[in-house]
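These numbers come from the heavy atoms of this one structure, side chains and all, not from hydrogens, waters or symmetry mates. The first residue in the sequence is number 1, and the count goes up from there.
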Amino acid sequence: MCGIVGLVAQTTVNQRLYDALTVLQHRGQDAAGIATDDGGYLRLRKDNGLVRDVFRTKHMRKLMGTMGIGHCRYPTAGCASSAEAQPFYVNAPYGITLAHNGNLTNSDQLTKEVYQTDLRHVNTTSDSEVLLNVFAHELHVTADPEPTPEGVFRAVSEVHRRCRGAYAAVAMINGHGIVAFRDPKGIRPLIYGQRHTLQGVETMFASESVALDSLGYEVVRDVAPGEAIYVDRNGNVHEQQCAEAPTLSPCIFEHVYLARPDSFVDGISVYKARLRMGEKLAEKVMRLQPDHDIDVVMPIPDSGRTSALSMAVELGVKYREGFIKNRYIGRTFIMPGQTERRKSVRKKLNPIDLEFRGKVVCLVDDSIVRGTTCSQIIEMARQCGAKKVYYCSAAPPVRHPNVYGIDMPAAQELIAHDRSVDEVAAEIGADWLIYQDLDDLIECAQEGNPQIEEFECSVFDGRYITGDIDAGYLSDLEQARNDLAKAERESKKAAEAEV
Ligand code: AMP
């Protein structure tokens, strides 16, 4: 998962792109980049690190121009080298930069095609650079001396024909405009908004509505699956459906964990969806044990907070914050190696003993992935004197890898991969483990937008909706994602940073 943003305005856009990226920072903390169009000249700054570290005043001064795109990266299919920070650039045709959120599932085959048939060179292992080259090639063959909306839409249609997987993208054509497009199933989110100023209308694209809100842009709507929206440098908006049979099947994990609670994704309030997840968990507890002995419901901060609150209210038991989070520590998930990850959980969360002593505590988190965090947390709760520790996950068991752009570990590293719920409970040391049912989770999201008939739920049900994922693909992925491979990538990155 990554955050993307694009802005066509009449005044300098660098500060607003920077601000939007900081609002989307939760979608990727590994690298950041901004490209602007300075009167037809490309300005580009990108590097590994948080948005606040990548852009210094000296960089911002150079990022001149009235349109631009930005990206913050969470490493997925590609590796963690700074060469893979986005936006990517190709000089032909016209000079194009692209920022992408998602993962192409036929990237290997496309890389060959791009080289052998399109005669283009891809210089990294990033599928986003492949996506850019496919788009650029298809725009090139229109042979228009200047890009036209029709040519841009034809190129996006060809991208849909050739590319598989998940992609929400913004591409800037130097001196001309920005096109935003979403894969034919709309797996990853993309929304746009506008602001009217004295100089005219400004249009902003972003991964999440929260970026539009906080910068004062009014949401117009989500980009539809398969659709392309091209905004020329004068602010004129051109829209076209470019896919043959688009259907909206958005990723349900956005609602569980990825998106900010103050965002609306495909018309669904993420916050409300999470509140409903807590209510459904409470219903499940009452169904399974109407005479339960829970004294207190406690969230795992921050991701379990919303569901824990509504669960406590629904059960009519106390809600307490027993764990306090140190905000100034990095995420545990992206650290290579289990030992590092375990140490880091302890540093990140500190318990308030009194809230646990002699109580039956019900801890609530958004999801259980590797099980590292919850095992440690349960242990801490017991050390603080909890009588019993129950654990709730607002999502069903995560049993399958993600191929659509979420940084999930290899299947063998997922604690629920080949275990029953009772086995997971024993493994993490919980007295009772309650997982959300998948049907309930879908209902929680769907209630926000009943027009969505299907969600992309592969991490829970192993069904890959693009229909192109076979055992061979999954076993290659397994190889690429295991901890060893990750550790090697990290050390390569560290070596690069030292140079
Ligand atoms: P663990 O079970 O120890 O792997 O950690 C689970 C926690 O990681 C959950 O509380 C989530 O908040 C968080 N989480 C879930 N998915 C991801 C992800 N793709 N990247 C980072 N953190 C995640």
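Within 6.0 Å of the CZ atom in R52, the count of heavy atoms belonging to other residues, nucleotides or ligands does not exceed 12. Counted within 6.0 Å of CD on E423, heavy atoms from surrounding residues, nucleotides or ligands total more than 12; the atom is thus considered enclosed.
Taking every heavy atom of both residues into account, E254 and R274 meet most closely at O-NH2, 3.3 Å. Scanning all heavy atoms of the two residues, the minimum distance from R154 to V141 falls at NH2-CG2, 2.9 Å. Taking each heavy atom of D366 and S393 in turn, the nearest pair found is O-OG, 3.7 Å. Contact detail for A273 and A445: the closest heavy-atom pair is CB-CA, 4.4 Å. For N101 against S207, the heavy-atom pair with the smallest separation is OD1-OG, 4.5 Å. The two atoms that bring M277 and A394 nearest to each other are SD-O, 4.0 Å, heavy atoms only.
The shortest distance between side-chain heavy atoms of F88 and T124 falls below 4.5 Å. When side chains are defined from C-beta on, F253 counts as touching L258, because their heavy atoms get closer than 4.5 Å. Residues Y271 and T306 are in side-chain contact: their nearest non-hydrogen atoms beyond the backbone lie under 4.5 Å apart. Side-chain contact between I34 and I69 is absent, with no heavy atoms from C-beta onward closer than 4.5 Å.
By the 4.0 Å N-to-carboxylate-O rule, D183 lies too far from K185 to be salt-bridged with it. The pair E239-R221 counts as a salt bridge, with a side-chain nitrogen and a carboxylate oxygen less than 4.0 angstrom apart.
Under the ring pair (Phe, Tyr, Trp, His ring centres under 6.0 Å) criterion, Y167 pairs with H160, sequence neighbours left out. Scanning for salt bridge (Lys or Arg N to Asp or Glu O under 4.0 Å) contacts around D468 gives an empty result, with sequence neighbours left out. F205 is linked by a ring pair (Phe, Tyr, Trp, His ring centres under 6.0 Å) to Y192, counting only residues two or more places apart in sequence or in another chain.
Distance OG1/T111 to CG/N133: 9.0 Å, rounded to 0.5 Å. Considering CZ of R43 and OG1 of T36, their distance stands at 7.0 Å, rounded to 0.5 Å. Annotation: the span from L104 atom CG to C163 atom SG amounts to 5.0 Å, rounded to 0.5 Å. Between atom CG of residue L7 and atom CG of residue N14 there is a gap of 10.5 Å, rounded to the nearest 0.5 Å. Expressed to the nearest 0.5 Å, how far CD of Q436 lies from CG of L441 amounts to 6.0 Å.
A side-chain donor from one of Q109 and E113 sits under 3.5 Å from a side-chain acceptor of the other. There is no side-chain donor-acceptor pair under 3.5 Å between Q194 and Y217. For the residue pair E454 / S249, a side-chain donor-acceptor distance below 3.5 Å is found, with atom types taken as modelled. A side-chain N or O of D365 and one of S303 form a donor-acceptor pair less than 3.5 Å apart.
The aromatic rings of Y230 and F153 sit perpendicular to each other, their planes meeting at more than 60°, with 30° as the lower class boundary.
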Next item on the list: Evaluate the side-chain contact (heavy atoms from CB on, under 4.5 Å) criterion for residues Q25 and L50: first the C-alpha distance (whole Å), next the side-chain angles of each, then the deciding distance (0.1 Å), finally the verdict.
Entry: CA-CA 8 Å; Q25 184 79 84; L50 294 173; 3.8 Å; yes
Note to self: Evaluate S375 against E427 for side chain to side chain donor-acceptor pair (under 3.5 Å), listing each step before the verdict.
What the structure shows: CA-CA 8 Å; S375 314; E427 193 72 21; over 6 Å; no
Next item on the list: Please report the C-alpha distance between R73 and N48 in whole Å, then the side-chain angles of each, then the deciding distance to 0.1 Å, and finally whether the side chain to side chain donor-acceptor pair (under 3.5 Å) criterion is met.
Entry: CA-CA 9 Å; R73 184 189 69 185; N48 283 343; 3.3 Å; yes
Margin query: Would D262 and R260 count as a salt bridge (Lys or Arg N to Asp or Glu O under 4.0 Å) here? Give the steps.
Written below: CA-CA 5 Å; D262 42 348; R260 261 178 58 155; 2.7 Å; yes
Margin query: side chain to side chain donor-acceptor pair (under 3.5 Å), that's the test. Do H238 and D232 meet it? Break it down for me.
Written below: CA-CA 8 Å; H238 311 262; D232 64 35; 3.3 Å; yes
Next item on the list: Evaluate salt bridge (Lys or Arg N to Asp or Glu O under 4.0 Å) for R182 paired with D266, printing each intermediate quantity in order.
Entry: CA-CA 12 Å; R182 212 172 160 193; D266 291 309; 2.9 Å; yes
Next item on the list: Just do the side chain to side chain donor-acceptor pair (under 3.5 Å) check on S458 and E456 with the steps written out, would you?
Entry: CA-CA 6 Å; S458 56; E456 196 293 297; 2.6 Å; yes
Checklist line | Check against salt bridge (Lys or Arg N to Asp or Glu O under 4.0 Å), E443 and K280 | finding: CA-CA 9 Å; E443 226 176 273; K280 288 277 184 206; 2.8 Å; yes
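Judged purely by atom type and a 3.5 angstrom limit, K46 uses its side chain to pair as donor or acceptor with the backbone of A85. Proximity of a side-chain donor or acceptor of D37 to a complementary backbone N or O of L42 within less than 3.5 Å is not detected. Between the side chain of S209 and the backbone N or O of F264 there is at least one donor-acceptor pair closer than 3.5 Å. Checked by atom type and distance alone, the side chain of D437 never pairs as donor or acceptor with a backbone atom of D440 at under 3.5 Å. Between the side chain of D470 and the main chain of Y473, a donor-acceptor pair closer than 3.5 Å is present.
Checked options T203, V220, V201; the residue passing with V237 is T203 (criterion: side chain to side chain contact (heavy atoms under 4.5 Å, CB included)).
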